Amino acid sequence: MDRLTAATVDATARTFDLAHATVRELNQFLHRELPSTAVRRVTVENPGGRHAIAAGLDAPVEVDVRGHGGYYLAGMNQHAHVTVHGNVGWGVAENMMSGSVRVKGFASEAAGASGHGGTLVIEGDASLRCGISMKGIDIVVGGSIGNYSAFMAQAGRLVVCGDAGDALGDSLYEAVIYVRGRVKSLGADAREEPMTDADFAAVAELLGRAGFDHAPSEFRRIASARGLYHWNAEADQEY
Amino acid sequence: MHTPTTPDRHLSREESAGYDRKVIDYIRNAAAHGLYEIRGLGAKRALPHFDDLVFLAGSASRYPLEGYREKCSTKTVLGTRYASKPVVLDIPITFAGMSFGSLSARVKEALGRAATELGTSTTTGDGGMTQEERQSSKTLVYQCLPSRYGFNPDDLRRADAIEVVIGQGAKPGGGGMLLGQKVNPRVAKMRTLPEGIDQRSACRHPDWTGPDDLAIKIEELREITDWEKPIYVKVGATRTYNDVKLAVHSGADVIVVDGMQGGTAATQTVFIEHVGIPTLAAVRQAVEALEEMDMRGKVQLIVSGGIRTGADVAKALALGADAVSIGQGALFAMGCNGERWFRDGVHHDATADYAAIGTAPGFCHHCHTGRCPVGITTQDAILEQRLDPLVAARHLRNYFKTMTMELTTVARACGKSNVHHLEREDLVALTIEAAAMAKLPLAGTNWIPGVTGG
Ligand SMILES: Cc1cc2nc3c(=O)[nH]c(=O)nc-3n(C[C@H](O)[C@H](O)[C@H](O)COP(=O)(O)O)c2cc1C
Ligand code: SF4
């Protein structure tokens, strides 16, 4: 076992092979033991599409997942930086608070759902409901996103380098979406707005963070028309 | 003289049964506003309920326990299936999840104080956990709702149990709402919303849809909290039999079933009165589902929706619930619909404030307005001062103590040294509807409609 030897030599690195260890053992280590060790880098081998890998991290550790992850990979992340060298299932980085998650492959549904902070980068495509209910997270998608993305998104930014599906930004609150490609349709109360200098700067900064080199001038801004913020205006009138 | 038993002989003054004054008022309101009514509290119409059941206590065939000398345990343990730290309560009566936002922070504090003194739990709500509630409540259940407002892993780890809310009895299938008057700066910040907007929120969770996904979601919540905390799943009562089976399949430790009488702080009236089934019917379906899966005692059942008295608690337990939770009753105990509020030893008349929102004590369901005349369901800095958390906590404690005494009195009369030993055989029904829903014999007969012949 070369890897084990390497791990014992380098006290700042540790490898979990999920062909032998369980997700429970991995997460237990990350939650309970890691803070009292010198470990700063954790490699997960043979993730095999398992669920909840590296969920609930709460330390500035780097986690490398060398393969595909299942649902809720790095869910509720705080402070950690997670890279997935493969695809992920539903809800990657759901409810993330801080830190970052990078998916080298594709992401299934609800990527970054209800995220409050941090940065989620998906190099490939993201499926339905990407950024649903987001609350401050920044999401950058290298490819395209599926239908109903950014539904009821409240805060944060979603940058899409490819196309967007149907009903983009339905019932949006204050989150802002930047799309480079085609938008199949906008959802209720979402509208295209002119890009300002602040928008170009934001897109440039987010693309820089994600490591994509498109020109910010290629992006369009989608935001809430705020027409659903109050109930029917006639509500309190008498005739 | 006109007495209610004498029908009005003046045909020119005959009120229509189908279009009575209530219906006419509804239609005229709809015509004037073009908007459905939104209100607080629960269903107001008469429904088959626990009142339609009575206990068969001990006599010659079974003997009762001595009321004051013989012990009757009320200890209640929730979450024994997977959690390494189950919730242990002194009584089977808990406070239901009511959000900070719908209630003031002072009310949340009062609930927490009362619960801690009583040895029971409180539950957060749509809008996250407040410091006031975490500090005052020893056992706090943290809700994971579709909106995920203010949801975060630090509070998750601080909680004593986690409740995944699929639905609520007042509005199964509906999302949350909080009208602009209540979205003050603190509420807005906790929910990541612009101040003063009429908040609407999702009715489905953002990151899972069916029961198979829910099983994975629950696994994630357990992983994040290292399998310590009980996970509850709350459903509004509709297809309760199926929903309970699916919740068990998804890995719930505890299932909360909330019947259609359940309260709310703001929901469309059409939901409150016309969606969901009565608590009585739901408890029986839930218990049958657990029994069929051999999960009685492994997965605990909490029942809510119109639980008001110790008798209601006793009946829910006898039907198979492990605990109950209470929302509206707690509001009433703190002074909801009362004529006065009380501060510094002085009573203040509130009737003018009820009138200002178009109602009167005894009829109020105006929680959605944020103008609660007694300072309970408000975010207004002045109105909320009308509720003193210490006084409110005392009232809550007295109310829960009274119910607990009633519960143990009935249990002893039925010969039980533990309230959890109350059983279906202790009950009969007074109406055919209740007999059919609860699958209990009609009093004085062996007839269970739909089960036994004539
Ligand atoms: C003011 C108020 C606020 C409520 N807020 C929530 C909530 O945030 N989440 C939830 O699951 N249920 C909420 N409920 C429903 C209660 O948790 C519970 O299901 C119901 O009140 C039980 O019925 P009861 O009121 O007849 O006791 C609320 C109820 C009330 C009265
Ligand atoms: S008195 Fe307050 S809590 Fe009670 S129904 Fe009216 S507004 Fe709601």
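Nothing here was measured: the structure is a model prediction, and the numbers come from that model. Side chains are part of it too, since the values below use all heavy atoms of this structure and drop only hydrogens, waters and symmetry mates. Order of the sequence lines sets the chain letters (A, B, ...), proteins ahead of strands, with each chain counted from 1.
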Do A/Arg209 and A/Thr119 have a side chain donor and acceptor closer than 3.5 Å? yes
Check this for me, if you would: do A/Arg191 and A/Glu193 make a salt bridge, where the nitrogen-to-carboxylate-oxygen distance has to be below 4.0 angstrom? yes
For residues B/Asp213 and B/His205, is any side-chain donor paired with an opposing acceptor at under 3.5 Å? no
Partner chain A: residue of B/Gly196, B/Pro194, B/Gly180 with the largest heavy-atom pair count (under 4.5 Å): B/Pro194
Part of A/Glu109 within contact of chain B (heavy atom distance under 4.5 Å): neither
Is A/Arg129 close to chain B through its backbone or its side chain, or both, or neither, when contacts mean heavy atoms under 4.5 Å? side chain
Below 4.5 Å from any heavy atom of chain B, which atoms of A/Met152 appear? Answer side chain, backbone, both or neither. side chain
More than 12 heavy atoms of other residues, nucleotides or ligands under 6.0 Å from CZ of A/Arg226: is that the case? no
Could you tell me which of A/Glu174, A/Met96, A/His31 has the largest number of non-hydrogen atom pairs under 4.5 Å with chain B? A/His31
Which atoms of B/Pro206 are under 4.5 Å from chain A, going by heavy atoms: the side chain, the backbone, both sets, or neither? both
Can you confirm whether A/Val92 sits close enough to A/Leu120 that some side-chain heavy atom of one is under 4.5 Å from a side-chain heavy atom of the other? yes
Using 4.0 Å as the upper bound for N to carboxylate O, is an ion pair formed by A/Asp64 and A/Arg102? no
Applying a strict 4.5 Å limit to non-hydrogen atoms, the region of A/Phe151 in contact with chain B is side chain
In terms of heavy-atom pairs under 4.5 Å with chain B, the winner among A/Tyr72, A/Tyr71, A/Tyr173 is A/Tyr72
Who wins among B/Thr192, B/Asn152, B/Leu156, B/Asp154 for the most heavy-atom pairs under 4.5 Å with chain A? B/Thr192
With respect to chain B, which residue among A/Asn77, A/Leu228, A/Leu30 yields the maximal number of heavy-atom pairs within a distance under 4.5 Å? A/Leu228
Where on A/His116 is there a heavy atom nearer than 4.5 Å to chain B: the side chain, the backbone, both, or neither? side chain
Salt bridge between B/Lys217 and B/Glu220, side-chain N to carboxylate O under 4.0 Å? yes
Check: B/Tyr142 ring centroid to B/Phe151 ring centroid under 6.0 Å: yes
Region of B/Arg200 in contact with chain A, defined by heavy-atom distances below 4.5 Å: both
